[in-house]
Peer 1: 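Below is the structure I would like to discuss, written out as C-alpha cells.
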Amino acid sequence: MKASKSISPFRLSSLLRIQKDPALALQLFQNPNPDSNPQPQKPFRYSLLSYDLIISKLGRAKMFDQLEQILHQMKQETRFAPPEIIFCNVMSYYGRARLADRALQVFDEMPSFRCQRTIKSFNSLLNALFKCGKFEKMKKVLEGIEDYGTPDACTYNILIKAFCGSEDLDNARKVFDEMRSNGLQPSDVTLGTLVHKLCSDSRVKEALELKEDWERVRGVLPNGFVYASLMKGLCGIGEMALAFGLKDEMVRKNIRLDAAVYSTLISALLKAGRRGEVPGLLKEMSEYGCEPNTVTYNAMIHGYCKEKDFEAAYRVLDEMVEKGCRPDAISYNVIIDALCKGGKWSEANLFFQDLPRRGCHPDVLSYRMLFSGLCDCGQFKEAAFVLDEMIFKGCAPHYARTHKLVEGLCQEGNMELVGTVLSSLEKANVLHGDTWRMVISTLCKEKPSDVSELIDTLAMQ
DNA sequence: TTAGGGTTAG
C-alpha cells in the first residue's frame with residue numbers, strides 16, 4: 001500500500017483558516033494526519049499561525065475548556081515565544097464571556113509563555129475587567145500600570161467608556177482632559193464612545209453637535225460607529241428622515257457604509273411599519289458591496305414576527321443559512337417569543353425542541369421566553385417540564401413566572417406537580433417565600449391532609 | 001482579534 005503524504009504545517013493552517021465549524025477545526029488540529037499510513041513517528045510541528053487560528057476559533061465559539069488545553073499545549077512549545085496579540089485576544093474572549101478571573105489568569109501567566117507584557121495586554125485585561133463590571137479590580141490593576149508602559153489612547157478610551165457606562169460623567173471628563181494633557185489626541189473611537197453615550201441618554205442633538213464640532217475643530221472624521229449610533233438615536237426620536245440623511249452624508253463624504261448602518265435603518269423602517277422599503281434598502285446595501293449579517297437578518301426576523309408574519313420570518317431564517325450566515329440565539333429567541341405571544345405555544349415548543357438540530361443551543365432567554373409563554377398560555381404542565389430542564393441547565397427563571405406557574409397548578413388541583421415544581425425551585429435556590437405561603441394556604445383550604453406530606457417531600461430533597 | 005456602533009427581552 002502506498003504511504004500517504006503527511007500534511008505540512010502550512011497546509012494545516014490553510015485548512016484551519018477555511019474551516020468554519022470550530023469543533024471540526026479542533027478535530028483537524030488535534031489529528032492533522034488522520035489518513036496517514038503508517039502513522040508519523042515524530043510529533044506534529046504546529047506553526048504559530050495554526051495556534052493563533054485554532055485559539056481564535058475556539059474563543060469566538062466560547063469553547064473555553066478546549067481553548068485552555070490548546071494554551072497548555074502551546075506553553076510546552078520551545079521553538080517560539082507566542083506574540084502578545086494571542087493573549088490579548090484570549091483576554092478579550094474572556095471579557096465578552098464575563099469571565100474576569102480567567103482573563104486575570106491569562107495575564108498573570110503570560111511570562112510563563114516567555115511573552116512580555118506591554119501596555120497592549122494591560123489594555124486587554126482592563127477592558128475584560130470592565131466588560132465583567134469589575135470596577136474595583138480595574139482600579140487595583142491600574143495602580144500597577146507603570147510596570148507595563150505609558151497609558152496610550154486605547155487605555156484612555158477604555159476608561160472613558162467605563163466611566164460613561166457607570167454614569168460617572170465627571171470622571172469621564174477628567175480622563176478625557178488627562179488624555180489631552182498627556183499629548184494624546186482623542187480619536188474617532190473616543191468620539192464614537194461619547195456620541196453613543198449621548199444618544200443612549202436621548203441627547204441626540206448634543207451628539208450631532210459634538211460630531212460636527214470634532215470634525216470641524218479637531219479634524220476627527222466620524223466613522224460608521226459614530227453614524228450608526230446617531231442614526232439609531234434619530235430613529236428613536238422619530239427623525240427617520242434625518243437618519244437617512246446621515247446615510248447620504250456618508251456616501252457624499254466617501255465614508256464606508258457597513259452592515260450596522262443598514263441594520264439600524266432596516267430595524268427602524270420595520271418598527272415604523274414601512275416594510276415595503278426594506279427590499280430597496282437591501283438592494284442598495286448590496287450595490288455598495290455590503291452584505292447583510294446576523295444582526296441585519298435578526299432585525300428583519302423581529303420586524304416580521306411583530307407583524308405575526310411567521311412565514312416571512314422563517315424564510316429569512318432559511319435565507320441566512322443558505323447564504324452561510326449563522327443564526328444566533330437572538331434569531332431563534334425572537335421567533336419563540338413572538339409565537340408564544342401570538343398564542344402559538346405548541347409551535348413555539350416544537351421550534352424550541354428543534355434548536356439543537358439547527359446547531360443552536362438555547363440560552364437563558366430562550367428558556368425564559370418559552371417558559372413565560374407557556375405560563376401565559378395556561379400550559380402549566382408543559383411549563384413545568386421546561387422549568388425542570390432550564391434549572392438543570394443552570395438557567396434561573398423569573399420569580400413572577402414561577403409564582404404564576406405554581407398558582408396555575410394549584411388552581412388546577414395538580415398538587416403532585418406542585419410538589420415537583422417546588423422541589424425544582426428549592427434545588428435551584430429560587431423558591432420564594434410568597435410562593436411557598438400560597439401553596440400552604442391552598443392546601444390548608446383544599447387538602448389539609450397533604451400539607452405534612454408536601455413538607456416531608458421537600459425536606460427529603 | 002488591545003478601545004467604539006447596529007438586532008431580542010427585561
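In what follows, chains are A, B, ... by sequence order, proteins preceding strands, each numbered from 1. All heavy atoms count here, side chains included; hydrogens, waters and symmetry mates do not. For clarity, every value in this text was computed on a predicted model and none was experimentally measured.
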Peer 1: Can you measure from CD (Glu284(A)) to SG (Cys290(A)) and round to the nearest 0.5 angstrom?
Peer 2: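 The CD atom of Glu284(A) sits 10.0 Å away from the SG atom of Cys290(A).
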
Peer 1: Using atom types as modelled, flag every donor-acceptor pair under 3.5 Å from a side chain in residues 126-141 of chain A to any protein atom, sequence neighbours excluded.
Peer 2:
from: Glu136(A); atom 1: OE2; to: Lys139(A); atom 2: NZ; distance (Å): 3.4
from: Lys137(A); atom 1: NZ; to: Asp101(A); atom 2: OD1; distance (Å): 3.1

Peer 1: Can you tell me how far P of dA9(B) sits from NE2 of His302(A), to the nearest Å?
Peer 2: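 Distance, rounded to whole Å: 4 Å.
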
Peer 1: Which of the following nucleotides, dG6(B), dA9(B), dA3(B), is nearest to the side chain of Ala153(A)?
Peer 2: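 Between dG6(B), dA9(B), dA3(B), the one nearest the side chain of Ala153(A) would be dA3(B).
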
Peer 1: Base, sugar-phosphate or nothing for Ala259(A)? Non-hydrogen atoms, less than 4.0 Å.
Peer 2: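 Base, at least one base heavy atom under 4.0 Å.
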
Peer 1: Could you tell me whether the phosphate oxygens of dT8(B), OP1 or OP2, come under 4.0 Å of any side-chain nitrogen or oxygen in Arg368(A)?
Peer 2: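 Checking dT8(B) against Arg368(A), no side-chain N or O comes under 4.0 Å of OP1 or OP2.
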
Peer 1: P atom, dG5(B) versus dT1(B): distance in rounded Å?
Peer 2: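 Rounded to whole Å, the distance is 12 Å.
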
Peer 1: So which of Leu405(A), Ile391(A), Thr402(A) actually passes side-chain contact (heavy atoms from CB on, under 4.5 Å) with Val421(A)?
Peer 2: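 Filter result, single survivor: Leu405(A).
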
Peer 1: Is there a side chain to side chain contact (heavy atoms under 4.5 Å, CB included) between Ile266(A) and Glu277(A)? Walk through the geometry before answering.
Peer 2: CA-CA 9 Å; Ile266(A) 287 171; Glu277(A) 294 169 59; over 6 Å; no

Peer 1: Please state whether the base of dG6(B) and the side chain of Asn293(A) form at least one donor-acceptor pair under 3.5 Å?
Peer 2: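 In this structure, the two groups form a donor-acceptor pair.
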
Peer 1: What is the nucleic acid contact for Ser263(A), judged by heavy atoms within less than 4.0 Å: base, sugar-phosphate only, or nothing?
Peer 2: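 Since a base atom lies under 4.0 Å of Ser263(A), the category is base.
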
Peer 1: Regarding Arg401(A) and the six-membered ring of Phe371(A), is the cationic atom NZ or CZ under 6.0 Å from the ring centre and inside 45° of its axis?
Peer 2: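 No cation-pi geometry.
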
Peer 1: Would you kindly give the CG-to-P distance between Leu265(A) and dT7(B), to the nearest whole Å?
Peer 2: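 Distance check: Leu265(A) CG to dT7(B) P gives 11 Å.
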
Peer 1: What is the distance, rounded to the nearest whole Å, between atom CZ of Phe225(A) and atom C1' of dG5(B)?
Peer 2: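 The distance from CZ of Phe225(A) to C1' of dG5(B) comes to 6 Å, rounded to the nearest Å.
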
Peer 1: Starting at CG of Leu365(A) and ending at C1' of dT8(B), how long is that distance when rounded to a whole Å?
Peer 2: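 The answer, rounded to whole Å, is 7 Å.
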
Peer 1: If you check the Arg60(A) side chain, which of dG6(B), dT1(B), dG5(B) turns out closest?
Peer 2: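 The listed nucleotide nearest to Arg60(A)'s side chain is dT1(B).
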
Peer 1: Nearest to the side chain of Thr296(A), heavy atoms from C-beta on, is which of dT1(B), dT7(B), dG6(B)?
Peer 2: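 Between dT1(B), dT7(B), dG6(B), the one nearest the side chain of Thr296(A) would be dG6(B).
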
Peer 1: If I take atom NZ in residue Lys197(A) and atom P in nucleotide dG5(B), what distance separates them, rounded to the nearest angstrom?
Peer 2: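 It works out to 12 Å between those atoms.
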
Peer 1: With ring centroids as reference points, do Phe352(A) and Tyr367(A) lie under 6.0 angstrom apart?
Peer 2: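 Aromatic pair counts; centres sit under 6.0 Å.
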
Peer 1: Which nucleotide, dT8(B), dG10(B), dG5(B), lies nearest any side-chain atom of Lys271(A)?
Peer 2: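 Of the candidates, dT8(B) comes closest.
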
Peer 1: So, is Lys161(A) near the phosphate of dA3(B), with a side-chain N or O under 4.0 Å from OP1 or OP2?
Peer 2: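 Checking dA3(B) against Lys161(A), no side-chain N or O comes under 4.0 Å of OP1 or OP2.
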
Peer 1: Between dT7(B) atom C1' and Tyr297(A) atom OH, what is the distance in whole Å?
Peer 2: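 Going from OH in Tyr297(A) over to C1' in dT7(B) covers 14 Å.
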
Peer 1: Where the side chain of Tyr93(A) is concerned, which of dT7(B), dT1(B), dG5(B) is the nearest nucleotide?
Peer 2: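 So the nucleotide nearest the side chain must be dT1(B).
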
Peer 1: Which nucleotide wins on minimum distance to the side chain of Val261(A), given the candidates dG5(B), dA3(B), dT8(B)?
Peer 2: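 In terms of side-chain proximity for Val261(A), the closest of dG5(B), dA3(B), dT8(B) is dG5(B).
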
Peer 1: Could you state the CG-P distance from Leu281(A) to dT7(B), rounded to the nearest angstrom?
Peer 2: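 It works out to 15 Å between those atoms.
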
Peer 1: Compare the minimum distances between each of dA3(B), dG6(B), dG10(B) and the side chain of Val189(A), then state the nucleotide with the smallest one.
Peer 2: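 Closest nucleotide to the Val189(A) side chain: dA3(B).
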
Peer 1: Look at the side-chain N and O atoms of Lys247(A) and state whether any lies under 4.0 Å from the OP1 or OP2 oxygen of dG6(B).
Peer 2: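 Result: no.
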
Peer 1: What is the distance, rounded to the nearest whole Å, between atom CG of Leu221(A) and atom C1' of dG5(B)?
Peer 2: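 Roughly 16 Å, once rounded to whole Å.
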
Peer 1: Which one, dG10(B), dT8(B), dT1(B), comes nearest to the side chain of Asn89(A)?
Peer 2: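 The answer is dT1(B), which lies nearest to the side chain.
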
Peer 1: How about Tyr148(A) and Phe107(A): are their ring centres within less than 6.0 Å of each other?
Peer 2: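 Yes; Phe107(A) has its ring centre under 6.0 Å from that of Tyr148(A).
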
Peer 1: Compare side-chain N and O positions of Asn127(A) against OP1 and OP2 of dA3(B) and report whether any pair is under 4.0 Å apart.
Peer 2: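 For dA3(B), OP1 or OP2 has a side-chain N or O of Asn127(A) closer than 4.0 Å.
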
Peer 1: For Lys57(A), which contact category applies under a 4.0 Å heavy-atom criterion: base, sugar-phosphate, or nothing?
Peer 2: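 Answer is nothing: Lys57(A) stays at 4.0 Å or more from every strand.
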
Peer 1: Please determine whether a side-chain nitrogen or oxygen atom of His398(A) lies at a distance below 4.0 Å from atom OP1 or OP2 of dA9(B).
Peer 2: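 Checking His398(A) against dA9(B): no side-chain N or O falls below 4.0 Å of OP1 or OP2.
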
Peer 1: dT1(B), OP1 or OP2 - any side-chain N/O from Lys120(A) closer than 4.0 Å?
Peer 2: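 No.
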
Peer 1: Using a heavy-atom cut-off of 4.0 Å across all strands, would you classify Arg96(A) as base, sugar-phosphate, or nothing?
Peer 2: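 Here Arg96(A) touches the backbone only, sparing every base.
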
Peer 1: Could you tell me whether Asp188(A) contacts a base, only the sugar-phosphate backbone, or nothing, with contacts defined as non-hydrogen atoms closer than 4.0 Å?
Peer 2: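 Base, at least one base heavy atom under 4.0 Å.
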
